[in-house]
Participant: 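The structure's right below; bear with me while I get my questions together.
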Amino acid sequence: MSSEPRQRVVITGDGPHLVEGPVEIVLPDGSRTVSERPVTALCVCYRSTLYPICDTSHRRRRRPARPETPEEPS
């Protein structure tokens with residue numbers, strides 16, 4: 001068993017992934033970003049100007065309109 005504490009990652013349904021504790025993020029190009037925040041929100045929509053850290057840009061997207069429900073025949 002490892003003596004290091006486990007990091008918790010919370011995957012939200014329509015927003016960022018939340019990582020508890022300080023974290024180092026390694027991107028595919030090899031660049032690294034460190035966050036010392038108690039909880040770091042990781043962008044999964046690629047809209048953030050602070051990528052890979054979420055800046056809530058996902059909130060500005062428009063949601064598709066709800067489809068109209070057909071009326072029941074009288």
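Just so you know, these numbers come straight off a predicted model, no measurement behind them.
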Participant: In chain order, what residues pass the side chain to side chain contact (heavy atoms under 4.5 Å, CB included) check against Pro16, with sequence neighbours excluded?
Facilitator: Thr12, Leu18, Ala41, Cys54, His58
Participant: Tell me which pairs pass salt bridge (charged side-chain N to carboxylate O under 4.0 Å, His left out) where either residue lies in residues 29-45, with sequence neighbours left out.
Facilitator: Glu24-Arg32
Participant: Report the C-alpha separation of Val19 and Val39 in whole Å, then their side-chain angles, then the decisive distance to 0.1 Å, and conclude whether the side chain to side chain contact (heavy atoms under 4.5 Å, CB included) test is met.
Facilitator: CA-CA 6 Å; Val19 181; Val39 176; over 6 Å; no
Participant: I need the Ile25 CD1 to Ser31 OG distance, nearest 0.5 Å.
Facilitator: 10.0 Å
Participant: May I have all residue pairs that pass ring-ring contact (aromatic ring centres under 6.0 Å, His included) and include part of residues 11-35, sequence neighbours excluded?
Facilitator: none
Participant: Keeping to residues at least two apart or across chains, list the ring-ring contact (aromatic ring centres under 6.0 Å, His included) pairs with something in residues 20-57.
Facilitator: Tyr46-Tyr51
Participant: Do the side chains of Val23 and Val26 join up, straight or via other hydrophobic residues, at under 4.5 Å, putting them in one cluster?
Facilitator: no
Participant: What's the spacing between Cys43 SG and Ile53 CD1 if we round to 0.5 Å?
Facilitator: 9.5 Å
Participant: Could you tell me whether a side-chain N or O of Gln7 sits under 3.5 Å from a main-chain N or O of Glu20, the two making a donor and an acceptor?
Facilitator: yes
Participant: Is Val34 reachable from Val9 through a run of hydrophobic residues whose side-chain heavy atoms are each under 4.5 Å from the next?
Facilitator: no
Participant: Quick one: which residue pairs count as a ring-ring contact (aromatic ring centres under 6.0 Å, His included) with a foot in residues 18-40, not counting sequence neighbours?
Facilitator: none
